[in-house]
Amino acid sequence: MSVPANSIAPTLAELGWSESWNATFGDLAEDGFVPARVVRVDREFPLVMTGEGAMRAEPAVHLVKTRGVGSRAVVGDWVAVSRPKTHDLAIIEAILPRTTAFTRKDPGEQTGEQVLIANVDVVFVMQALSGRGLNARRLERELVLAWESGAQPVVVLTKADIAESIDDQRALAEESAHEVRVIVESAITGLGLEEIRTLIPPGTSAALLGGSGVGKSTLVNRLVGEDVQATQRVRTRDDKGRHTTVARELVHVPDGGVVIDTPGMRGLALWDAEDGIARAFPDIDSLSELCRFRDCAHGDEPGCAVRRAVEEGTLSALRLESYRALQTELVQLGRKQDERAWAEKDQSRAGGPKKPRGRGSGRKGRQ
Ligand SMILES: Nc1nc2c(ncn2[C@@H]2O[C@H](COP(=O)(O)OP(=O)(O)O)[C@@H](O)[C@H]2O)c(=O)[nH]1
Ligand SMILES: [Mg+2]
Ligand SMILES: [Zn+2]
């Protein structure tokens with residue numbers, strides 16, 4: 001076991017276990033299984049935390065054999081584990097149904113889905129104010145993914161202590177974030193930390209999302225505090241070099257909930273994100289109700305209320321461009337999924353395959 005149970009190991013309740021999870025767990029307890037939360041996924045077997053401490057756990061054979069995203073444990077998952085006496089490792093017997101799931105298109109596959117994090121309540125979408133400054137387009141994409149997860153997004157703009165034109169950048173972020181809260185933060189001066197802390201009360205789970213180097217791990221260390229930081233440092237940095245987060249990892253915030261650190265992710269491609277887009281772009285969504293055509297793509301269609309808003313200066317042209325690019329990405333994903341479904345049906349059936357239902361190829365509820 002790479003991480004010994006120690007006196008500061010959080011309890012299940014501190015990790016977010018609740019009455020409602022207990023109810024979900026139900027009969028699994030009768031089989032002698034115990035609840036645990038997946039706290040780290042790296043190249044080894046998942047690290048899980050039971051009420052007794054941390055241990056590595058391998059998936060049961062029936063989970064390995066089941067394909068699909070529900071059968072692979074990710075950080076944040078609640079699982080049922082058994083502890084066979086003859087075995088070094090615990091065994092993950094079941095993964096409890098997820099309340100929220102942060103998902104992207106699997107970068108290794110044409111049309112697969114990949115779940116990265118489960119059961120989080122808040123996603124902090126982070127960008128640095130220093131250096132090249134705010135990237136509004138990236139922010140919009142990450143907000144779509146955050147909304148789609150089912151969690152509440154919050155924008156955190158980091159490194160305010162070394163940034164220029166903070167007010168301008170904040171205004172730009174607020175335009176992209178729409179009604180999502182924007183917090184300006186500095187891990188050096190402590191600006192914004194208390195506000196962030198209030199969003200992670202006991203029982204809640206938060207995830208940090210953002211490019212490499214924006215300050216995610218530094219924020220985790222600030223939230224966790226000096227005393228616990230030493231333990232975390234040993235644990236998160238291993239021997240793999242400082243300042244590199246190689247794994248997704250969940251840690252307990254003293255007097256608060258838990259926070260999940262992630263490595264900077266490139267290529268966050270959308271997966272089934274129609275709702276996420278609608279929620280991240282409520283302004284465009286409601287304007288499009290006024291377009292002449294129900295399936296208006298806000299390109300060169302006549303009577304487009306969205307483009308009119310751009311012409312009148314009430315909607316940013318770049319924001320519309322961002323929206324359209326994300327929509328196009330979904331349509332293309334839907335097309336690839338259709339092609340794949342067709343090909344699979346051709347293989348498995350001799351007699352005329354039915355056309356699969358399109359996905360992501362139009363706006364929800366308007367076809
Ligand atoms: N000046 C300043 N530097 C910061 C701040 N937050 C993080 N850093 C530095 O930015 C670098 C990357 O931070 P890190 O937390 O490893 O980023 P991550 O890749 O998002 O986890 C480190 O050298 C940090 O010390 C901040 O608020 N202000
Ligand atoms: Mg990091
Ligand atoms: Zn339109």
Side-chain angles (χ1 to χ4, degrees), residues 40-42 75 116-117 123-135 138 142 155-164 166 169 183-196 206-224 229 232-233 235-238 240-251 259-266 268 277-278 281 283-312 314-315 317 319-321 323-324 327-328 362-363 366:
R40 182 181 171 116
V41 170
D42 48 27
V75 169
L116 297 174
I117 299 167
V123 174
F124 291 101
V125 177
M126 298 173 62
Q127 282 206 15
L129 288 164
S130 62
R132 264 178 289 169
L134 192 86
N135 180 340
R138 179 174 180 145
E142 291 179 345
V155 174
V156 175
L157 304 177
T158 65
K159 307 195 188 183
D161 55 292
I162 49 168
E164 283 161 30
I166 294 175
Q169 295 198 68
I183 299 173
V184 173
E185 181 252 20
S186 164
I188 304 291
T189 66
L191 178 71
L193 289 182
E194 278 319 304
E195 197 178 349
I196 291 170
L208 306 185
L209 179 73
S212 182
V214 301
K216 298 181 296 298
S217 300
T218 306
L219 174 59
V220 170
N221 288 338
R222 284 301 303 258
L223 290 171
V224 168
Q229 189 182 32
Q232 290 308 328
R233 190 173 279 155
R235 197 197 284 178
T236 55
R237 290 181 183 163
D238 287 335
K240 288 172 180 132
R242 293 165 68 82
H243 299 297
T244 39
T245 312
V246 292
R248 280 177 268 284
E249 174 147 24
L250 180 152
V251 298
V259 60
I260 297 173
D261 194 8
T262 62
M265 285 176 269
R266 283 195 207 146
L268 278 175
I277 291 183
F281 294 92
D283 47 348
I284 296 182
D285 209 53
S286 57
L287 275 170
S288 64
E289 303 284 330
L290 307 171
C291 293
R292 185 178 305 163
F293 298 108
R294 288 174 71 79
D295 60 351
C296 184
H298 324 307
D300 45 19
E301 293 89 344
C304 174
V306 177
R307 273 203 347 277
R308 195 182 317 130
V310 173
E311 280 151 26
E312 287 167 358
T314 53
L315 175 70
R319 181 166 167 81
L320 174 56
E321 219 171 273
Y323 171 90
R324 296 191 69 216
Q327 285 287 6
T328 303
R363 293 189 53 252
R366 292 190 132 222

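Residue numbers start at 1 and run along the sequence shown. Whatever order the structure lists them in is the order used to number ligands and atoms, beginning at 1.
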pair Asp283-Arg319: side-chain heavy atoms closer than 4.5 Å
yes
Could you tell me which atoms of ligand 1, counted from 1 in the order shown, lie closer than 4.0 angstrom to a heavy atom of Ile162?
1 (N)
Pull out every atom of ligand 1 sitting under 4.0 Å from any heavy atom of Ala187, numbered as shown with elements.
6 (N), 26 (C), 27 (O)
Val306 side chain reached by Leu315 side chain, heavy atoms, under 4.5 Å
yes
Between Asp161 and Thr189, does any side-chain donor sit less than 3.5 Å from a side-chain acceptor?
no
So which of the N, O or S atoms of His298 lies nearest the Zn ion (ligand 3)?
ND1
Looking only at non-hydrogen atoms, which of Gly213, Gly210, Ser217 approaches atom 12 (C) of ligand 1 most closely?
Gly213
Is the contact between Thr218 and ligand 1 made by the side chain, the backbone, both, or neither, using heavy atoms and a 4.0 Å cut-off?
both
State the atoms of ligand 1, each with its element, that fall below the 4.0 Å cut-off from a heavy-atom position in Ser186.
27 (O)
So Phe293 and Pro302, do their side chains get closer than 4.5 Å, heavy atoms only?
yes
To the nearest 10 degrees, how large is the angle at the Zn ion (ligand 3) between Cys296 SG and Cys304 SG?
110°
Using side-chain heavy atoms (C-beta onward) and a distance below 4.5 Å, is Lys159 in contact with Leu129?
no
Report yes if Asp161 has an N/O atom closer than 3.5 Å to an N/O atom of ligand 1; otherwise report no.
yes
For Ser212, atoms of ligand 1 separated by under 4.0 Å from a heavy atom
19 (O)
Measure from atom 5 (C) of ligand 1 to every heavy atom in Lys159, Lys216, Arg222 and give the option owning the shortest one.
Lys159
Is there a donor-acceptor contact under 3.5 Å from the side chain of Gln327 to the main chain of Ala297?
no
Side-chain heavy-atom pair Leu290, Arg308 within 4.5 angstrom cut-off
no
Contact between ligand 1 and Val214 is defined here as a heavy atom of the residue under 4.0 Å from a ligand atom; is it met?
yes
With a cut-off of 2.8 Å, does Thr218 place any N/O/S atom under that distance from the Mg ion (ligand 2)?
no
Element-labelled atoms of ligand 1 that are located less than 4.0 Å from some non-hydrogen atom of Ile188
1 (N), 2 (C), 26 (C), 27 (O), 28 (N)
Flag side-chain contact, heavy atom, 4.5 Å: Glu249 against Val75:
no
What I'd like to find out is whether the side chain of Val220 reaches to under 4.5 Å of the side chain of Lys216, using heavy atoms alone.
no
